[in-house]
Amino acid sequence: MKEIYEIGEPPPLGEVPKSMYAQLIRAERFGEPKQAFRVEKVAVPDIKPDEVLVYVMAAGINFNNVWAALGSPVNVIAARQKANYDPSDFHIGGSDASGIVYAVGRDVKNVKVGDHVVVHCGTWDRDCPAVKAGDDPMFDPSFKIWGYETNWGSFAQFSKVQAHQCMPKAKHLTWEEAAAPTLVGATAYRMLMGWPPHTVRKNDVVLIWGASGGLGCMAIQITKAQGAIPIGVVGDDRKVEFCIKLGAKGVINRKKFDHWGMMPHWKDTDAYNKWAAGCRAFGKALWDQLGERRNPRIVFEHPGEDTVPTSIFVCDTGGMVVICAGTTGFNAVVDLRYLWMRQKRFQGSHFANDEQAYAFNQLVLDGKIDPCLAQTYRFEEIGTCHQIMHENKAPEGKMVALVGAPKTGMK
């Protein structure tokens, strides 16, 4: 056995070399992703009794490692060192993977060496009080996002994961297709199905921001699978057809409106009235796309600062705005009158637990989810992928980088 194998050259099954290649971020390189990422040689990590070592065939690209590269809003390396969670002076990102199990800890029962898996990114301490009590581990302080808050993500030849993160890979998908949907899909599933009584029901109207992006393209399909009516929001008319093909009933171009941003103070009557007129115009555009005067029972949010005031305005009475990110900013000002008088719900949501991740993966296994693979890149181009995302130039759907897979199209 070699000490290290080249990218695309798999070691014999179950034989783990001492070293591997990985795309590393270091604090001294924080900044533009194309410079922050660099291929380096590191030791293959040891695994704990409840962990699995996965030989990564392909890795999905997500916005969280744009943040890791920038070192903002959190320096993930310093945060782990401060918490005594991981003393490493580098970060190996990547929160989506398809791959092959190469080693298992002594307590692992759900997978074995040779299994083809996809990996969801939720990690937690198996001995935490929430897990022992049968509660949602997402609410436990030990919960972390693998490949962002934790090290040893999928941007390496081998990745260290907890056993429960490993789910069956769909046999009909290529390695790169299988690596695309899990983070965004499981996140969207929890947002749409995890907050009763506001779960998507048949014939519900669901407004989906960023409908052509990773989260949005999964939200359209999950909504459609529940028999509901997705209405998408995009920033370019060229993205409309993509959303319609996925199942959206209609699509709104947000660039046709100019009231975005933090809401004016309610005492500034002129500015407030102008903003409210913009909201009403947006609501009418939604009705036009829907073909009837009905407001969304659920609004699927993630832009945050620029759009939350409008989302709460157009959400139906008794409905819910559910949010998982703040890609335009974190200060979301709300007119509380619309929230309490119309009894609307503003709900935060963050990734998914095992039940929700596995439920989404079952939709993939059943062929009900198109992974929406937009483009596949080489391992050396992982920094470039994040730069494209940072510059808001990402294609519709998901970007993926090959790692262990020597070429596209392999299953």
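Just so you know, these numbers use all the heavy atoms, side chains as well, and skip hydrogens, waters and symmetry mates. Worth saying up front: this structure is predicted, and the values here are computed from it rather than measured.
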Check your understanding: Within a reach of under 6.0 Å around CG of Asn392, are more than 12 heavy atoms found that belong to other residues, nucleotides or ligands?
Key -> no

Point to revise | Nearest-0.5 Å distance, CD1 of residue Ile220 to OG of residue Ser212 | key: 8.0 Å

**Study point:** Side chain proximity check, Ile382 to Tyr377, heavy atoms < 4.5 angstrom
**Key:** no

Review point. Lys249 side chain to Leu290 main-chain N or O, any donor-acceptor pair under 3.5 Å?
Key: yes

Check your understanding: Does Tyr55 reach the side chain of Leu13, with side-chain heavy atoms less than 4.5 Å apart?
Key -> no

Review point. Between Val205 and Asn295, is a side-chain contact (heavy atoms from CB on, under 4.5 Å) present by the stated rule, with each step listed?
Key: CA-CA 7 Å; Val205 178; Asn295 295 326; over 6 Å; no

Practice item. Would you confirm whether Gln375, through its side chain, and Met399, through its main-chain N or O, come within 3.5 Å as a donor-acceptor pair? Key: no

Exercise for review: Would you indicate whether the side-chain heavy atoms of Val403 and Trp175 approach each other to under 4.5 Å?
Suggested key: no

Check your understanding: With a 4.0 Å cut-off, would you call Asp270 and Lys274 a salt bridge?
Key -> no

Review point. Can you list the steps and then say if Glu6 with Tyr21 is a side-chain contact (heavy atoms from CB on, under 4.5 Å)?
Key: CA-CA 8 Å; Glu6 296 305 308; Tyr21 292 109; 3.3 Å; yes

Practice item. Could you tell me whether the side chain of Thr310 and the main chain of Cys279 form a donor-acceptor pair under 3.5 Å? Key: no

Study note, to complete from the structure: CG (Asn151) and OG (Ser88) are apart, to the nearest 0.5 Å, by 5.0 Å

Check your understanding: Are any side-chain N or O atoms of Asp140 and backbone N or O atoms of Ser142, one a donor and one an acceptor, separated by less than 3.5 Å?
Key -> yes

**Study point:** Atom CG of Asp366: over 12 foreign heavy atoms under 6.0 Å
**Key:** yes

Check your understanding: Considering all heavy atoms of both residues, which atom of Trp195 and which atom of Ser349 are nearest to each other, and what is their separation?
Key -> NE1-OG, 3.1 Å

Check your understanding: Just checking, is any N or O donor in the side chain of Tyr148 or Asn62 under 3.5 Å from an acceptor N or O on the other one?
Key -> no

Point to revise | Minimum heavy-atom distance Ser154-Ala97, with the two atoms named | key: CB-CB, 3.6 Å

Check your understanding: Are there more than 12 heavy atoms of other residues, nucleotides or ligands under 6.0 Å from atom CZ of Arg294?
Key -> yes

Point to revise | Student check: side-chain heavy atoms of Val16 and Leu53 closer than 4.5 Å | key: yes

Revision key, fill the gap. In this structure, CZ of Phe63 is separated from OG1 of Thr327 (nearest 0.5 Å) by 6.5 Å

Point to revise | Heavy-atom donor-acceptor pair, Glu381 side chain to Ala401 backbone, under 3.5 Å | key: no

Study note, to complete from the structure: Scanning both residues in full, the closest heavy-atom pair of Val111 with Cys166 reads CG1-CB, 3.9 Å

Review point. Which heavy atom in Pro33 sits nearest to a heavy atom in Ala69, and how many Å separate them?
Key: CA-CB, 3.9 Å

Check your understanding: side chain to side chain contact (heavy atoms under 4.5 Å, CB included) with Cys315: which residues, sequence neighbours excluded?
Key -> Val299, Val321, Lys344

Practice item. State whether the number of non-hydrogen atoms from other residues, nucleotides or ligands found under 6.0 Å of Glu15 atom CD is greater than 12. Key: yes

Practice item. Find the distance between NZ (Lys169) and CE (Met167) and round it off to the nearest 0.5 Å. Key: 13.0 Å

**Study point:** Sidechain-backbone polar pair: Asn110 side chain, Ala163 backbone, donor-acceptor under 3.5 Å
**Key:** yes

Review point. Between Phe257 and Val233, is any pair of side-chain heavy atoms under 4.5 Å apart?
Key: no

Exercise for review: Could you go through the side-chain contact (heavy atoms from CB on, under 4.5 Å) check for Cys372 and Lys398 one step at a time?
Suggested key: CA-CA 6 Å; Cys372 295; Lys398 281 295 297 288; 5.6 Å; no

Identify every side-chain donor-acceptor pair in residues 99-109 under 3.5 Å, counting partners at least two apart or on other chains, and give the distances.
| from | atom 1 | to | atom 2 | distance (Å) |
| --- | --- | --- | --- | --- |
| Tyr102 | OH | Pro11 | O | 2.6 |
| Asp107 | OD2 | Arg126 | NH1 | 3.2 |
| Asp107 | OD2 | Arg126 | NH2 | 2.9 |

Check your understanding: Looking at Ile25 and Asn65, what are the two nearest heavy atoms and their distance?
Key -> CD1-O, 4.4 Å

Review point. Between His386 and Phe155, does the ring centroid distance fall short of 6.0 Å?
Key: yes

Check your understanding: Do Thr376 and Glu176 have a side chain donor and acceptor closer than 3.5 Å?
Key -> no

**Study point:** Over 12 foreign heavy atoms within 6.0 Å of CD, Glu391
**Key:** yes

Practice item. Starting from the C-alpha separation in whole Å, work towards a yes-or-no answer on side-chain contact (heavy atoms from CB on, under 4.5 Å) for Val76 and Glu149. Key: CA-CA 6 Å; Val76 292; Glu149 292 172 295; 5.7 Å; no

Check your understanding: So do Ile312 and Asp335 actually touch side chain to side chain, heavy atoms under 4.5 Å?
Key -> no

Check your understanding: Would Glu32 and Lys34 pass as an ion pair if we require N to O under 4.0 Å?
Key -> no

Check your understanding: Which value, rounded to the nearest 0.5 Å, describes the distance between Ile298 atom CD1 and Leu207 atom CG?
Key -> 11.0 Å

Check your understanding: Donor-acceptor pair, Glu396 side chain versus Phe242 backbone, under 3.5 Å?
Key -> no

Practice item. Would you check if Met263 and Phe313 make a side-chain contact, meaning some heavy-atom pair closer than 4.5 Å? Key: no

Review point. Between Trp146 (side chain) and Trp152 (backbone), is there a donor-acceptor pair under 3.5 Å?
Key: yes

Check your understanding: How many angstroms lie between CG in Asp125 and NZ in Lys132, if you round to the nearest 0.5 Å?
Key -> 8.5 Å

Revision key, fill the gap. Exactly one candidate in His120, Arg190, Lys144 meets side-chain contact (heavy atoms from CB on, under 4.5 Å) with Phe351; the answer is His120

Review point. Of the non-hydrogen atoms in Cys121 and Ser95, which two are nearest, and what is the gap between them?
Key: CB-O, 3.5 Å

Point to revise | Neighbour count >12 (heavy atoms, 6.0 Å) for atom CD, Gln343 | key: no

Point to revise | Under 3.5 Å: donor-acceptor pair, side chain of Gln289, backbone of Ala285 | key: no

Practice item. Decide if atom CZ of Arg345 counts as having more than 12 heavy atoms of other residues, nucleotides or ligands within a radius under 6.0 Å. Key: yes

Exercise for review: Just say parallel, tilted or perpendicular for the rings of Phe300 and His302, cut-offs at 30° and 60°.
Suggested key: perpendicular

Check your understanding: Are Trp209 and Phe282 an aromatic pair by the rule of ring centers under 6.0 Å?
Key -> yes

Check your understanding: Does some side-chain heavy atom of Met193 sit less than 4.5 Å from a side-chain heavy atom of Phe360?
Key -> no

Exercise for review: Step through the shown structure and confirm whether more than 12 heavy atoms of other residues, nucleotides or ligands are within 6.0 Å of CG on Asp46.
Suggested key: no

Check your understanding: Is the shortest side-chain N to carboxylate O distance from Arg254 to Asp306 below 4.0 Å?
Key -> no

Exercise for review: Look at the side chain of Gln226 and the backbone N and O of Arg201, then say whether any donor-acceptor pair between them is shorter than 3.5 Å.
Suggested key: no

